[in-house]
Amino acid sequence: MKQLIPLPWRKRYKVMQRLIADVSTGQHSKFVTFRPLDDCQQQLFTPQIAIVQPIPATTLSENKKHNLALAIQRLQNIAMLPGAIFSFWHLIGEPIQAKGYLEGRTLMQNQLKADIGGGLCQLSGLLYVLSLKAGLKVLERHPHSQDIYTDATRFAPLGADATVVYGYKDFRFEQTLAVPICLRFEMGDREICAMLCAPQPISEYAIDFQRENVESGIQVNTMRLLSSSTEPEVLHSTTYKSRL
């Protein structure tokens, strides 16, 4: 029955569902909005935690870099006060062709396909790891269902992913630090750097992704190392199906 309803209508319905839920739970009023810091304010925020990842070369990698650059414009130097909630899609909006997005590679129904706005999952994955390292509270994160890389082609540890699908799957965290923060990005020809910035030093946690083979595929336990004298804290446990 679901297949008889056009995809745009289904997506619009899901977006409305989420909006109603966000308003009713009070999350919507806490969402970070698009208000970039001015030049003077930016000087107060200095990089505290940084992650650099390569951008894998594929037939669609130029389109992916284009899509990443568009999305970054909506996240760059946006202040997040204590208690605010970051929502990937609330800031970026729907990645459609009318906004300049191109076809990129994406994993859909366990198959790699080309889709408008593809490639943005690398950006949400970077934000996921940044939030873990900063000790922020992750409210919503969806792993990919399948491990599609080999150890030779992997650009981030297995378990460091956060897939996003407009209307269906968001990436969200709560700004639980005592000081304001903002995000900054630098795009190179072959890599992307994501930085969490603040007006004063913040702690950076060590994160480890521990893998083990299980009957259904590979299980990854995401561990936060608080100190050398305490046991690691298990943040998430994710099972991935075997590689395609």
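In this chain, numbering begins with 1 at the start of the sequence shown. In what follows, every heavy atom counts, from backbone to side chain, and hydrogens, waters and symmetry copies are set aside.
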| task | Please go through I20's hydrophobic cluster and name the other residues, only I, L, V, M, F, W, Y counting, with side-chain heavy atoms under 4.5 Å joining them. | result | M16, L19, V23
| Would you say F31 has more than 12 foreign heavy atoms packed within less than 6.0 Å of its CZ? | yes
| Atom of G119, atom of K64 and distance for their closest heavy-atom approach | O-CE, 3.6 Å
Can you give me every donor-acceptor pair (side chain of residues 128-140, partner residue at least two apart or in another chain, under 3.5 Å) with its distance?
residue, atom, partner, partner atom, Å
Y128, OH, H236, ND1, 2.7
S131, OG, L127, O, 3.3
S131, OG, Y128, O, 2.6
E140, OE1, R18, NH2, 2.6
E140, OE2, R18, NH1, 3.1
E140, OE2, R18, NH2, 3.4
E140, OE2, H142, NE2, 2.8
E140, OE2, D170, N, 3.0

| task | Can you measure from CZ (F86) to CG (L75) and round to the nearest 0.5 angstrom? | result | 5.0 Å
| task | Output yes when K11 and E94 qualify as a salt bridge under the 4.0 Å nitrogen-oxygen rule, no when they do not. | result | yes
| Between Q48 and E204, a side-chain donor and acceptor under 3.5 Å | no
| request: Please list, chain by chain and in numerical order, all residues satisfying side-chain contact (heavy atoms from CB on, under 4.5 Å) with T153, sequence neighbours excluded. | output: Y149, T150
| Residues R211, D151: salt bridge by 4.0 Å N-O rule | yes
| query | In chain order, what residues pass the ring pair (Phe, Tyr, Trp, His ring centres under 6.0 Å) check against Y166, with sequence neighbours excluded? | reply | W89
| Counterpart residues, side chain to side chain donor-acceptor pair (under 3.5 Å), relative to S61 (two or more places apart) | none
| Who passes ring pair (Phe, Tyr, Trp, His ring centres under 6.0 Å) against F34, sequence neighbours left out? | none
| query | Who passes side-chain contact (heavy atoms from CB on, under 4.5 Å) against Q41, sequence neighbours left out? | reply | L37, D38
| Under 3.5 Å, is there a donor-acceptor pair linking the side chains of R172 and Q27? | yes
Which side-chain N or O atoms in residues 175-183 pair as donor and acceptor under 3.5 Å with protein atoms at least two apart or in another chain?
residue, atom, partner, partner atom, Å
Q175, OE1, L177, N, 2.7
Q175, NE2, M80, O, 3.0
Q175, NE2, V179, O, 2.8

| query | Would the number of heavy atoms belonging to other residues, nucleotides or ligands and lying under 6.0 Å from CZ of R154 be above 12? | reply | yes
| query | Atom CD1 of I85 and atom CZ of F173: how far apart are they, to the nearest 0.5 Å? | reply | 10.5 Å
| query | Members other than V165 in its cluster, when Ile, Leu, Val, Met, Phe, Trp, Tyr link by side-chain heavy atoms under 4.5 Å? | reply | Y168
| query | Of all residues at least two apart in sequence or in a different chain, which pass the side chain to side chain donor-acceptor pair (under 3.5 Å) check with R224? | reply | E233
| note | Correct closest heavy-atom pair for Q219 and S237 would be NE2-OG, 3.5 Å
| query | Do NZ/NE/NH1/NH2 and the carboxylate oxygens of R141 and D161 come within less than 4.0 Å? | reply | yes
| query | Can you tell me how far OH of Y240 sits from CD1 of I218, rounded to the nearest 0.5 angstrom? | reply | 10.0 Å
| Apart from M195 itself, which Ile, Leu, Val, Met, Phe, Trp or Tyr residues share its cluster (side-chain heavy atoms under 4.5 Å, direct or through members)? | none
| request: Specify the closest pair of heavy atoms between R184 and P47, including all atoms of both residues, with the distance to one decimal. | output: NH1-CD, 4.3 Å
| task | Output all residues satisfying side-chain contact (heavy atoms from CB on, under 4.5 Å) with N67, sequence neighbours left out; order by chain, then residue number. | result | Y101, L102, L120
| In Å, rounded to the nearest 0.5 Å, how long is the span from NE2 of H90 to CD1 of I92? | 12.0 Å
